[in-house]
Trainee: 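Questions regarding the structure given below will be posed in turn.
Numbers restart at 1 for each chain; the letters A, B, ... are given by sequence-line order, proteins then strands. The figures that follow rest on heavy atoms only: side chains count, while hydrogens, waters and symmetry mates do not.
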Amino acid sequence: MEPTVPRMLAASFLVSLFVMIMSFPAGAITLSVGQQQSFQTIKEAVTAAHPGDTILVYPGNYREGNILIRKSLVLIGRDYPVLDGEDKYEIITVAATDVVIQGLHLVNTGAASINDIAAIKGLDVKRMKILNNRFDETFFGIHLSNSSQCLIEGNMLKGTAGARAEQDVGNGIHLWKSDHITIRNNDVTGHRDGIYFEFVTRSRVSGNFSHQNLRYGLHFMFSNDDEYMDNTFQNNGSGVAIMYTKGVTMVGNRFEGNQGAASYGLLLKDIGDSRIEQCQFARNTVGIYMEGSSRCILKDNTFRENGWALKIQASCDNNTLTRNNFIANTFDVATNGSISLNTLAGNYWDKYEGYDLNRDGTGDVPYHPVSLYGMIVEKMPTSVMLWRSFLVMLLDRAEKVVPAVTPENLRDDSPSMRML
Amino acid sequence: MIRITKHALYDILRNRFVLFYAVFLMIITFSLFSLDSDPGKAILSLLNIVLMVVPLVSIIFTTIYFFNSYEFIELLLSQPIDRKVIFFSEFLAISIALSAAYLVGVGLPVLLLGGQGALYMLVSGLLLTWVFVSLAFAASVSTRDKARGIGMSLLFWFYFSLIYDGLILYLIYSFSDYPMEKLTLALISLNPVDLARIVILLKLDISALMGYTGAFLKNFFGTGLGIGYSMSLLVAWSLIPLLYALRKFLRKDI
């Protein structure tokens with residue numbers, strides 16, 4: 001029987017439809033890499049892949065030197081395949097948009113003084129995602145430059161501190177000239193700086209745990225309008241240092257156990273128009289060290305068991321400290337000048353000895369948080385050896401009765417009677 | 001010797017001062033612990049008592065007792081008894097009485113209620129008691145006049161708990177441009193009160209003595225060697241004035 005024209009039309013329509021359906025996912029096939037898979041090495045798969053493809057890496061040990069990705073690929077590891085840099089190579093270098101790297105175990109990058117060799121390096125990338133990878137013995141962990149709208153989430157980074165000489169230790173997450181980056185729930189340890197920003201703007205750092213890094217848990221400069229929420233910075237060599245930046249928002253972070261002669265829970269150098277709220281500063285040599293900072297608001301923070309809760313240099317002005325708790329610190333506030341251009345109001349000081357006659361919860365006499373001995377120690381650090389001696393007690397008492405040396409206007413006029 | 005010690009001890013206990021001292025210490029210790037929920041902070045407050053009251057009471061009580069029992073000592077000296085025996089018996093009796101009072105007054109509550117560094121505080125306080133008892137002996141044998149003896153004792157106490165620290169502060173101020181860490185170590189060693197204070201503080205409150213000097217001191221006193229050094233130094237501090245007093249007592253024309 002001869003096929004009728006309408007039937008032929010219908011058949012050809014169906015065929016063309018089938019071809020069309022098939023042709024769409026043709027750009028997004030999955031390439032498997034592994035010993036029993038179609039590709040033996042990741043490099044082969046990267047070469048064969050087209051933009052939009054997914055490369056699935058099966059468990060195994062891959063020693064392929066440097067893997068360069070110049071296409072928009074999704075690189076997913078199954079059960080953490082190990083990519084070994086053999087102490088020589090940068091492992092993955094990405095120079096493309098929309099790349100995803102997920103579930104890999106990256107180990108043993110090289111180390112160099114001229115190049116920043118990283119486990120994953122992004123150059124001019126956009127919308128890159130680095131998710132749930134593990135890094136061990138890496139020089140730099142994640143290194144992005146001139147990038148934007150990237151997400152770094154759930155990675156475990158362990159640097160070479162301890163295993164290698166100090167100059168061979170790089171930063172955990174290192175960003176340079178980037179914007180709109182989200183860094184979430186990563187664990188960084190054993191690096192020089194846990195998280196390092198230079199010229200990184202409008203980014204968001206939250207829920208990270210940066211600990212036991214050689215220098216700073218978080219270190220940034222010239223990085224305006226970034227947000228830092230609920231991170232923990234613990235036992236880092238020198239704590240956290242932020243410099244030359246405006247519009248920093250820090251909420252709910254913890255700064256703990258950063259001890260040493262040049263160690264600070266949080267160092268603010270030339271910071272302006274920023275907010276630090278609901279943060280915890282515990283067991284640091286210095287809770288916050290402020291220098292050249294202006295118009296910052298420090299609110300609802302708790303300073304507990306620090307050597308100095310707050311060192312505020314005379315170069316700071318128009319900062320507001322309000323509703324903070326100062327508990328069991330050796331010194332509450334120290335400063336190096338005789339004038340103070342900052343506002344302290346409504347804080348709770350555990351050393352406050354005033355009274356509250358009208359029972360409104362606010363003390364009736366001002367509290368002077370700077371003690372004479374605190375100023376002496378600020379000038380001559382060696383005199384810390386006299387702490388809690390009879391002499392120091394007498395000096396402080398005398399100064400409290402007749403203030404002569406301590407800055408008269410550095411005071412809290414409405415100290416809270418109860419912990420806030 | 002034991003018989004004389006016993007007699008002196010009985011004499012000390014009879015005038016009840018030591019008993020009051022023990023009760024006073026105990027009341028203060030218990031109230032400090034009940035005021036502060038954190039035993040670490042209570043120990044810190046107790047530190048001031050141990051560093052000021054214990055030396056003061058030890059040195060003044062010893063001096064007064066020594067002069068009060070002067071006639072008894074003279075009587076004993078007329079007997080065929082070695083001067084050394086008399087001297088050490090008196091020293092032992094007073095040390096035992098004051099140590100016991102300290103152990104009951106501070107030691108008992110502290111060991112019961114615990115707290116960080118309690119043991120160090122206990123041992124340091126005990127050693128300080130001995131140091132100041134022997135300093136009192138040195139002051140007492142130097143003069144026949146009771147008022148001068150007490151004055152000298154008070155001067156010792158003032159010197160070690162106040163004047164010496166003032167001198168240190170002045171020294172640090174004058175040489176603040178130089179690295180002073182090793183010197184501070186030497187300076188601390190020359191004052192038993194400072195020595196005890198720093199040993200206890202390093203056990204109690206790490207954040208307090210931080211910074212470079214703190215780290216330096218902690219590196220030294222925090223180790224077993226440093227603890228051994230400071231404890232043996234405190235023992236030396238109690239032996240040297242005692243031996244000086246003994247020498248003087250043996251040659252003294254009474």
Trainee: Please look at B:Leu183 and chain A and tell me whether the side chain, the backbone, both or neither of the residue comes under 4.5 angstrom of a heavy atom of that chain.
Mentor: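 Interface part for B:Leu183: neither.
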Trainee: Between B:Tyr173 and chain A, with a heavy-atom cut-off of 4.5 Å, which part of the residue counts as in contact: side chain, backbone, both or neither?
Mentor: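 Contact with chain A is through both the backbone and side chain of B:Tyr173.
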Trainee: Could you check, using the six-membered ring where one of them is a Trp, whether A:Tyr228 and A:Phe233 have ring centers closer than 6.0 angstrom?
Mentor: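 No.
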Trainee: Please tell me whether A:Asp412 and A:Trp349 have a donor and an acceptor in their side chains that are separated by less than 3.5 angstrom.
Mentor: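 Short answer, yes.
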Trainee: Please flag which part of B:Ser176 lies under 4.5 Å from any non-hydrogen atom of chain A: side chain, backbone, both or neither.
Mentor: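 Side chain only.
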Trainee: Flag the pair B:Phe61 / B:Tyr21 as yes when their ring centroid distance falls below 6.0 Å, and as no otherwise.
Mentor: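 For B:Phe61 and B:Tyr21, the ring centres are not under 6.0 Å apart.
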Trainee: Could you tell me if the ring centre of A:Tyr373 sits under 6.0 Å from that of A:Phe331?
Mentor: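 Yes, close enough.
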